[in-house]
Amino acid sequence: MSGIPVLTLLTVLPLVGAAIALVSGKHARAVAILTTVACLLLAFYVWMQVPALNGSMGMVETHAWAPSLGIEYHLGVDGLGALMLVLSAIVTLMSVDAAHRVHHQPGLYFGLVLMLESGLFGSFTALNFFHWFLFWELSLIPAFFLIKLWGGTRRGPAATQFFVYTMAGSVALLVAFLAVFVATRSMDFQYLTFQASTGELERAVTQHLGSGMLGWPVMMWLAVGVLAGFAVKVPMIPFHTWLPAAYAEAPSPVTMLLTGAMSKMGVYGLLRIALPLFGHQIAQMRTPLLVLAVATVVMGAWAAAAQTDLKRVFAYSSVNHLGYCLLGIFALAVPFAAGDPGQHASQAAALNGVILQMFNHGITAAALFWFVALLQQRTGGHRGIDQFGGLRKPAPVLAGLMGIALFSSLGLPGLNGFIGEFLIFRGVFSLAWFASAVSVLGLLVTAVVILTVIQKVFTGPVPEHCEGFPDLHTGERVALAPVIGLMVLIGILPGLIVNSVNPTVQNLLAHWRF
């Protein structure tokens, strides 16, 4: 496939599928499945090229667009971007497979899902801010309409809140980057990263925009704007309040996309944009940012423990799990002490853990919401924890597979959820031991939450309305088996991902200035 613009093809393919799905009527889901399978194969091909890149940016595509405005069509991937492409492709395929009961305007529904997938691919491959920002916003629009048109009884307020919060974050990002462009006349991530690593970016911003205001340098204000934009998307407490309503009111297949792929855009942005360009400023704000990360971990877990709706339990659990990514990112933002290989090893462990956690959480969280969808379909919409009980008797296969996904979310050794969290804590404990120690509370509370779900849903007497509860049929077992198998495979052989991503981690750390 040499000479073929693979990344462009990967981004355009879902848009072509969306156009076909729009006019396919009842066959729209079949079109979406074929498109997402093709995207997964193409994304996996990109991932197979990662070892040859040796941590650098590869498969680069560059074309002039509007040079006088610093705009160019610039694509490329390293281990981080390629892994996110694979995750997006897997989660979108899972979402389409789970959405087999969309009877209201199926063409529009699956067309929007494929548009969202294109936005994800574009965001994870673009290396110019203007180009990247287009796809960042492209993913927002279909997500809004998927919630608004196919959501629950309170879908209107949930969709509006989701849109307003994420749009406010986007405005903060846009304003910050316009200021960077005024100072540098560039929107290219690689060029700006190099400028930041030498200190030239900060000098240029100060020279063109002044020394600052209210006692803060301009560069610090820009860093705050960028952090705010990504904090909403992750989300980080206190910017998380849109998430529970959006996750609960969206159809479960759409929630799978929100938690499995879209939330990773915020973490990806911190790694691709915030730390490379504003690492020095983030290091200066490290303590308050660590406080917010710890709050996201601990309070997210406690909030999950207080819920009775399964979707809200897993929504707050997602906040908790993404809090570990924030903890790892902010902990490693500490000036490197020359001659201290231990510190570098800790930073590398934390960053490897963050990237692995992004992938693992995306797979596991999407699977959990898929199981919630299966429970709802079989009980006429029930999803309260106290509305179930004893399901391991009528549905042992469902209980077993969902149990594996729940234990993965808990972080059980041997499953994929464990290794990412382990690497994060292994790195963070050396870099910020107090934050690490307090965050362990999140692990303990999460264990209580997951075990409570298992106890109330799968054990005890079977409620009357669940006595005829059907187990998974063959098609559902075939669809879920690869997802569960992936959880086990990564849990046993995490090197399949870590060995490919680690060169990228080393390259990123070498170019970040704290």
Side-chain angles (χ1 to χ4, degrees), residues 5-15 57-78 80-81 84-85 88 115-144 163 166-197 200-202 204-205 208-209 218-219 221-233 262 264-278 511:
V6 176
L7 299 184
T8 295
L9 180 61
L10 182 60
T11 305
V12 172
L13 183 57
L15 293 178
M57 199 66 67
M59 307 187 74
V60 176
E61 302 174 28
T62 306
H63 303 284
W65 195 343
S68 61
L69 299 177
I71 300 172
E72 63 179 353
Y73 184 84
H74 189 188
L75 304 181
V77 292
D78 54 8
L80 170 61
M84 291 302 99
L85 292 178
S88 300
M115 282 182 61
L116 197 158
E117 183 177 36
S118 178
L120 292 168
F121 289 155
S123 297
F124 293 135
T125 57
L127 297 177
N128 180 276
F129 177 79
F130 182 84
H131 180 197
W132 174 85
F133 193 74
L134 287 179
F135 284 98
W136 174 271
E137 293 301 293
L138 177 63
S139 66
L140 167 63
I141 296 170
F144 168 80
F163 187 84
T166 50
M167 182 57 69
S170 297
V171 169
L173 281 169
L174 182 60
V175 170
F177 252 87
L178 285 175
V180 171
F181 172 73
V182 168
T184 64
R185 308 304 297 177
S186 175
M187 293 188 184
D188 186 82
F189 292 156
Q190 290 181 299
Y191 173 78
L192 293 174
T193 297
F194 174 76
Q195 293 292 93
S197 67
E200 184 60 33
L201 177 60
E202 188 169 359
V205 168
H208 287 82
L209 302 177
V218 173
M219 197 69 174
W221 284 109
L222 299 184
V224 169
V226 170
L227 285 171
F230 294 133
V232 170
K233 201 78 166 187
M262 287 191 70
K264 308 308 175 291
M265 294 170 67
V267 183
Y268 177 85
L270 289 171
L271 297 177
R272 181 67 73 207
I273 301 173
L275 279 179
L277 274 59
F278 303 97
H511 291 87

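- The distance from atom CG of Leu178 to atom CZ of Phe130, rounded to the nearest 0.5 Å, is 10.5 Å.
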### Message
Set out, in order, the CA-CA distance, both residues' side-chain angles and the distance that settles side-chain contact (heavy atoms from CB on, under 4.5 Å) for Trp65 and His131, then state yes or no.
### Response
CA-CA 10 Å; Trp65 195 343; His131 180 197; 4.1 Å; yes

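- In this structure, Asp188 and Thr193 have side chains that are not in contact, with every pair of non-hydrogen atoms separated by 4.5 Å or more.
- Residues Phe230 and Trp136 place their aromatic rings such that the two centres sit under 6.0 Å apart.
- Atom-to-atom distance recorded for Met84:CE and Thr125:OG1 is 13.5 Å, nearest 0.5 angstrom.
- Panel note: side chain Ser197, backbone Phe194; a donor-acceptor pair is recorded below 3.5 Å.
- With rounding to the nearest 0.5 angstrom, the CE atom of Met219 is 3.5 Å from the CG atom of Leu201.
- Between Tyr268 and Ser123 the shortest side-chain heavy-atom distance does not fall below 4.5 Å.
- Contact of the Ser88 side chain with the Phe121 side chain is registered, since non-hydrogen atoms from C-beta on lie closer than 4.5 Å.
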### Query
Can Leu173 and Val226 be said to form a side-chain contact (heavy atoms from CB on, under 4.5 Å), step by step?
CA-CA 5 Å; Leu173 281 169; Val226 170; 4.0 Å; yes

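- Expressed to the nearest 0.5 Å, how far CG of Leu15 lies from CD of Glu117 amounts to 9.5 Å.
- Between Thr11 and Phe135, some side-chain heavy-atom pair lies under the 4.5 Å cut-off.
- Side chains of Glu72 and Thr62: a donor-acceptor N/O pair is absent below 3.5 angstrom, by distance only.
- Contact annotation: the side chain of Arg272 approaches that of Asp78 to within less than 4.5 Å [non-hydrogen atoms, C-beta and beyond].
- By the 4.5 Å heavy-atom criterion applied to side chains, Met265 and Leu120 are counted as neighbours.
- Between Leu209 and Trp221 there is no side-chain heavy-atom pair separated by less than 4.5 Å.
- Here the straight-line distance linking atom CD1 of Ile273 with atom CZ of Phe278 works out to 9.0 Å at 0.5 Å rounding.
- With contacts defined as side-chain heavy-atom distances shorter than 4.5 Å, the pair Val60/His74 qualifies.
- In terms of modelled atom types and a separation under 3.5 Å, the side chain of Asn128 and the main chain of Gly70 share a donor-acceptor contact.
- In this structure, CG on Leu75 lies 7.5 Å from NE2 on His63, to the nearest 0.5 angstrom.
- Remark: the Glu61 side chain and the Thr8 side chain contain an N/O donor-acceptor pair separated by less than 3.5 Å.
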